[in-house]
Each structure stands twice: as C-alpha cells, then as structure tokens.
2 protein chains.
Amino acid sequence: MAAVNPRTWKQPMKQKLTISIQDYMKTIYELTENGESASTNALAQKLKVSAPSVTGMIKKLASSKPALVEYQKHQGVTLTKEGRKAALEVIRHHRLLEAWLVQTLGYSWDEVHEEAERLEHVISEDFERRIATAMGHPLRDPHGELIPTEDLKMPVDESTPLSSLRPGQNGIVTCVKAADMELLRHLESLGLVPSAEIEVKEYSPFDHNLTVKVEKKTSVLGFNITTKIFVEITK
Amino acid sequence: MAAVNPRTWKQPMKQKLTISIQDYMKTIYELTENGESASTNALAQKLKVSAPSVTGMIKKLASSKPALVEYQKHQGVTLTKEGRKAALEVIRHHRLLEAWLVQTLGYSWDEVHEEAERLEHVISEDFERRIATAMGHPLRDPHGELIPTEDLKMPVDESTPLSSLRPGQNGIVTCVKAADMELLRHLESLGLVPSAEIEVKEYSPFDHNLTVKVEKKTSVLGFNITTKIFVEITK
DNA sequence: AATAAAATTTAGGTATGACTAAATTTTAGA
DNA sequence: TCTAAAATTTAGTCATACCTAAATTTTATT
Ligand SMILES: [Mn+2]
Ligand SMILES: [Mn+2]
Ligand SMILES: [Mn+2]
Ligand SMILES: [Mn+2]
C-alpha cells in the first residue's frame with residue numbers, strides 16, 4: 001500500500017523497476033529489434049514524452065548498477081543483457097495478458113492493448129505463471145506476436161512478410177504487426193487474422209500491391225499493409 | 001504510456017485519482033465505517049506512512065475541488081459524498097478482483113488480497129464490467145465482504161457477529177473479517193469459511209468463548225475470533 | 001489548574017519523472 | 001567546406017508523495 005524509502009533500499013536485490021522504466025525498456029527493445037540503436041527522438045515519440053526527458057532517463061539507466069542500457073551521447077541507446085531481460089519480462093507480461101483477456105473476458109484483439117499496457121506493470125510473477133499455465137503456455141499473443149519464454153528468451157520467428165510472396169504462393173497468417181485499431185478492425189473484416197489461410201493471386205510490380213484470397217474473399221493490399229502481415233509459407 | 005502534466009489538466013473532468021489517493025480514500029472509508037472520524041495516526045499506521053505525510057495528503061484532499069474529505073485540524077477526517085464514491089469505486093474493484101482471481105485462477109482466499117491491492121488501481125471500467133458480468137454480479141467477495149454495487153452504493157449487511165450467538169442457535173457464515181493470512185488458513189482448516197453452517201454448542205460467560213460445530217468438527221473459539229466471523233442466523 | 005504524554009502539524013528535505021527554453025552537436029545540402 | 005536544419009543535451013523548474021526533526025495542540029492524570 002505504501003512506498004519504500006529509496007535511501008533504505010537494500011542494494012543487491014532483484015529491485016523492482018518503476019513503471020516508467022519498464023516502459024522505457026520495452027520501447028527500447030522494440031526500437032532496437034532491427035539491430036540499430038534507439039534514438040532519443042524516436043523514444044520520445046513512442047513514449048509520448050519530451051526529448052529532454054528521454055535524455056535524462058537514459059543517463060540514469062546507463063549509470064545504474066547493473067546498467068540497463070548502453071549509451072553514448074548523440075548515438076542513441078541499446079540494451080545491455082540485463083536490460084534485455086527487463087524488457088522481455090514486461091513484454092511477456094503484456095502478451096500473456098492480451099492472450100488471457102481475449103480468451104477469458106472476450107476482449108477483441110483491437111481492445112486488449114490498452115488494458116494490458118497498464119496491467120503489465122502490476123501483476124506478480126505468480127499471476128504470470130497462473131495465466132500462462134491456464135492457457136497452456138501459448139506461443140503467440142492475439143496479434144500473433146511471439147511471447148517470450150518463462151526464462152526470458154525471445155523465440156526466433158520463422159515467418160516472412162506477406163509482401164515477399166508472389167502469385168501461386170500460399171501462407172498461413174502468423175502475425176499482424178499493427179497498432180492502429182482502425183486498421184486492425186479493417187483487417188479483421190477481410191479475414192486477415194492469425195491462422196487465416198491466404199492465397200496470393202496477383203502481384204503488381206509498380207506499387208507492390210498484392211491481390212490475395214482469404215476464405216473466398218479477394219482483396220488488393222498495398223505495400224504498407226503486406227509488410228505488416230507475416231505468414232508461414234505453405235506452398 | 002506517459003504522464004499528464006497536472007498543470008494542463010482540464011478541471012471539470014472525472015479526473016483520475018492517483019494510486020496514493022485511491023489508497024487513502026479506501027483506508028479512510030474503512031476507518032470511518034463505524035461513524036467516527038479517522039485519525040491521522042490511524043491512517044498513518046494503516047497506510048504504512050508517516051503521520052506528517054498523512055497530514056499533508058489530507059490537506060490536499062480537503063482543499064481539492066470537489067473536496068474528497070472533510071477535515072478539521074486535530075479532529076481527523078471524514079469522507080464527503082464525492083469521497084465516499086471514490087472509496088467505493090476502489091473497494092468495488094478490489095472485491096470483484098478477489099472474487100475473479102479465486103474463481104478463474106485458483107487463488108486461495110488468503111493469497112488474493114495482495115494481488116487485488118495492486119490491480120484495483122489500474123483496471124478500466126470496462127474490465128470491471130466484464131468480470132462482474134462473467135461472475136453474474138456477485139454480492140460478496142471470497143471473504144464474504146459485500147461488494148459495492150455498480151452505481152456505487154454499499155449494500156446493507158444483515159448479518160451478525162458470531163460472538164452474539166448463544167447455545168442452541170445456528171447460523172450460516174456470511175463473512176470472515178480477517179486480514180492475517182495465518183488466521184485465515186487456520187479458520188479454513190476448521191471449516192469456518194463463508195456459507196459454512198455453524199451450530200453453537202456452548203458459551204463461557206467469563207472469557208466469551210464459544211464452542212461451535214462445523215461439519216462434524218467441534219472447536220472452541222475465543223472472543224477475538226468470534227467477533228470477526230459474521231453469520232446469518234438460521235435458528 | 002498544572003503538567004506530562006500522546007497526537008498532530010509545521011518546517012525543511014529528498015527522489016522520481018515529467019516539462020520548457022536555450023545551448024550544443026551532428027547531419028546533410030549547396 | 002561551409003552552413004542551415006535536425007537531433008540531442010544542458011539548465012532550470014515543477015508536481016507528487018514521501019521522509020525526519022521540531023513545534024504545537026489536545027488529552028489525560030494528578
Ligand atoms: Mn514475469
Ligand atoms: Mn505500459
Ligand atoms: Mn492498493
Ligand atoms: Mn469502477
């Protein structure tokens with residue numbers, strides 16, 4: 001119910017990270033998945049915080065023991081090993097929660113995100129274990145995003161973006177990487193949800209449009225959509 | 001994900017109360033249920049915070065618009081109508097969550113409290129509605145505590161403390177008002193849980209001990225226990 | 001009524017995590 | 001290579017919610 005005096009903290013504990021820090025870690029993870037470092041501005045935008053606030057926080061994270069990020073002025077940040085663990089812990093919470101909310105409370109996949117965004121920071125490890133067990137240790141969340149394992153490793157994703165398929169190829173949707181609720185609802189109306197089967201019918205080399213067929217429905221999808229849908233190629 | 005600048009708050013909103021404030025409201029509610037006002041020290045103890053911190057917070061709550069508490073120096077605090085609503089909102093969240101965690105994740109009644117204590121502050125009204133609906137709008141939590149209604153009224157409790165029963169009277173347990181996990185587990189081992197049927201066998205006028213029979217098990221209970229168990233008299 | 005003890009408030013700080021405005025550094029264009 | 005724009009950091013504040021030590025007020029007890 002109450003707070004802990006930071007001055008009386010026993011150091012060598014698995015210290016609980018603040019909600020802010022947890023959000024920073026998660027966001028840095030997402031921005032550095034491609035291998036590049038995360039810029040101050042990109043973080044500021046994603047976290048909806050000013051750039052100076054990011055600089056301040058980043059300095060703190062870099063000088064904490066153990067350091068959670070690697071930081072060089074003007075060069076952005078990357079996660080340390082410790083930092084990656086912290087990020088994956090939050091991401092595991094988030095994705096398990098999304099899956100659980102959809103399965104047990106009938107949330108739709110475009111509604112869950114917000115709720116999970118707040119719950120992810122306050123559930124116990126016990127809660128995490130209970131929902132994981134109750135769902136039979138799912139591999140992916142409702143969007144198809146991979147759930148970090150209990151020992152905080154991120155499974156490798158074998159799937160490829162729909163944009164790389166060509167006419168004649170088929171696939172099963174594994175993941176839809178979209179945050180926008182409008183877009184999510186649109187894709188759902190087209191049947192483009194995880195585990196849907198897709199046939200690629202046509203490809204337009206100029207705009208990279210793909211014509212795809214999902215459950216008897218045919219749609220023409222632009223490049224900015226086909227790069228967000230990931231599939232496991234079946235043919 | 002980020003914070004709101006309090007200086008740019010639009011006033012006349014159903015402003016979201018901070019977690020600290022929510023905990024103060026809940027605790028003040030509990031301490032004033034008997035009709036008396038809550039003292040600074042009692043609040044400090046329950047909230048695990050220093051007395052000066054309580055004074056400071058109380059002043060803020062009293063001068064906020066709308067005021068959440070009524071406060072007179074050295075005289076303790078009581079809740080305003082607004083304050084009571086705020087308290088009941090948190091209590092409803094807490095008790096619905098306890099019921100939900102026990103029903104769907106197999107928490108035991110002595111484990112749920114802590115988890116609910118943190119979740120109560122972050123679930124949405126939507127989440128509240130979903131779990132209430134999923135459970136068929138339960139009247140009581142796993143301890144038997146009454147759950148405030150959706151329109152934030154506290155139902156009146158018809159039950160009486162076990163301590164007021166005498167040999168020959170029977171009752172059904174409605175509520176066990178104990179916070180201590182050890183005690184809760186002990187009572188459970190005696191079968192003293194909500195909806196258990198109790199027969200009062202003996203009464204010792206000197207120490208107010210009651211000998212009771214629950215499911216073929218007979219126990220002698222001290223006054224400090226019998227005042228914490230509430231029953232609906234059936235005979 | 002006087003005084004000691006208990007309760008409460010005042011005074012002065014701290015940590016966290018935001019913000020704006022100004023300065024600096026990096027980057028990219030001519 | 002110089003320079004302007006963009007990105008980033010520094011400097012200085014602020015709100016929230018705690019804290020300890022000291023002062024004050026209330027309350028009991030003679
Ligand atoms: Mn975890
Ligand atoms: Mn979050
Ligand atoms: Mn709480
Ligand atoms: Mn509510």
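Fair warning: this is a prediction, and the values are worked out from it, not measured in the lab. Lettering of chains follows the sequences in order, A, B, ..., and the numbering in each one begins at 1. Only heavy atoms go into these numbers, but all of them, side chains included; no hydrogens, no water, no symmetry mates.
Within the 4.0 Å cut-off from OP1 or OP2 of C:dT16, not a single side-chain nitrogen or oxygen of A:S20 is found. For A:Y24 and C:dT16, the shortest distance from a side-chain N or O to OP1 or OP2 is not below 4.0 Å. In this structure, A:S50 does not reach the C:dA18 phosphate: none of its side-chain N or O atoms is under 4.0 Å from OP1 or OP2. The side chain of A:S53 places an N or O atom within less than 4.0 Å of a non-bridging phosphate oxygen (OP1 or OP2) of C:dC19.
Summary for the helix from C:dA1-D:dT30 to C:dA30-D:dT1: the axes at its two ends, each from 5 pairs, differ by 0° when rounded to the nearest 10 degrees.
Residues passing the side-chain contact (heavy atoms from CB on, under 4.5 Å) test with B:S64, sequence neighbours excluded: B:L68. Applying the ring pair (Phe, Tyr, Trp, His ring centres under 6.0 Å) criterion to A:H93, with sequence neighbours excluded, gives no partner residue. Residues meeting the side-chain contact (heavy atoms from CB on, under 4.5 Å) test with B:T133, sequence neighbours left out: B:H137. By the ring pair (Phe, Tyr, Trp, His ring centres under 6.0 Å) test, B:F223 is found to be paired with B:H208, residues two or more places apart in sequence or in another chain being considered.
Computed from coordinates, the A:L43 CG to C:dA18 C1' distance equals 15 Å when rounded to whole Å. In this structure, B:K60 atom NZ and D:dA15 atom P are separated by 11 Å, rounded to whole Å. Straight-line distance from the CD atom of B:Q22 to the C1' atom of D:dA17: 15 Å, rounded to whole Å. Per the geometry, CG belonging to A:L47 stands 12 Å off C1' belonging to C:dA18, to the nearest Å. B:I19 places its CD1 atom 10 Å from the P atom of D:dA17, with the value rounded to the nearest Å. The CE atom of A:M25 sits 13 Å away from the P atom of C:dG17 (whole-angstrom rounding).
Just one of B:C175, B:P194, B:P155 meets the side chain to side chain contact (heavy atoms under 4.5 Å, CB included) condition when paired with B:R140; it is B:C175.
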* Asked: With the sugar-phosphate defined as primed atoms, P, OP1 and OP2, and the base as all remaining atoms, what B/S/- string results for nucleotides 5-10 of chain D, 5' to 3', for protein heavy atoms under 4.0 Å?
  -> --SSBB

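Contact check on A:E120 versus A:K26 returns a salt bridge, with a Lys/Arg side-chain nitrogen under 4.0 Å from an Asp/Glu carboxylate oxygen. Contact check on B:R185 versus B:D180 returns no salt bridge, with no Lys/Arg side-chain nitrogen under 4.0 Å from an Asp/Glu carboxylate oxygen.
A 6.0 Å sphere centred on CD of B:Q72 holds no more than 12 heavy atoms belonging to other residues, nucleotides or ligands.
Between A:F127 and A:W100, the ring center distance clears the sub-6.0 Å criterion.
When distances run from any side-chain atom of B:T18 to the nucleotides D:dA17, D:dT20, D:dC18, the shortest one goes to D:dA17.
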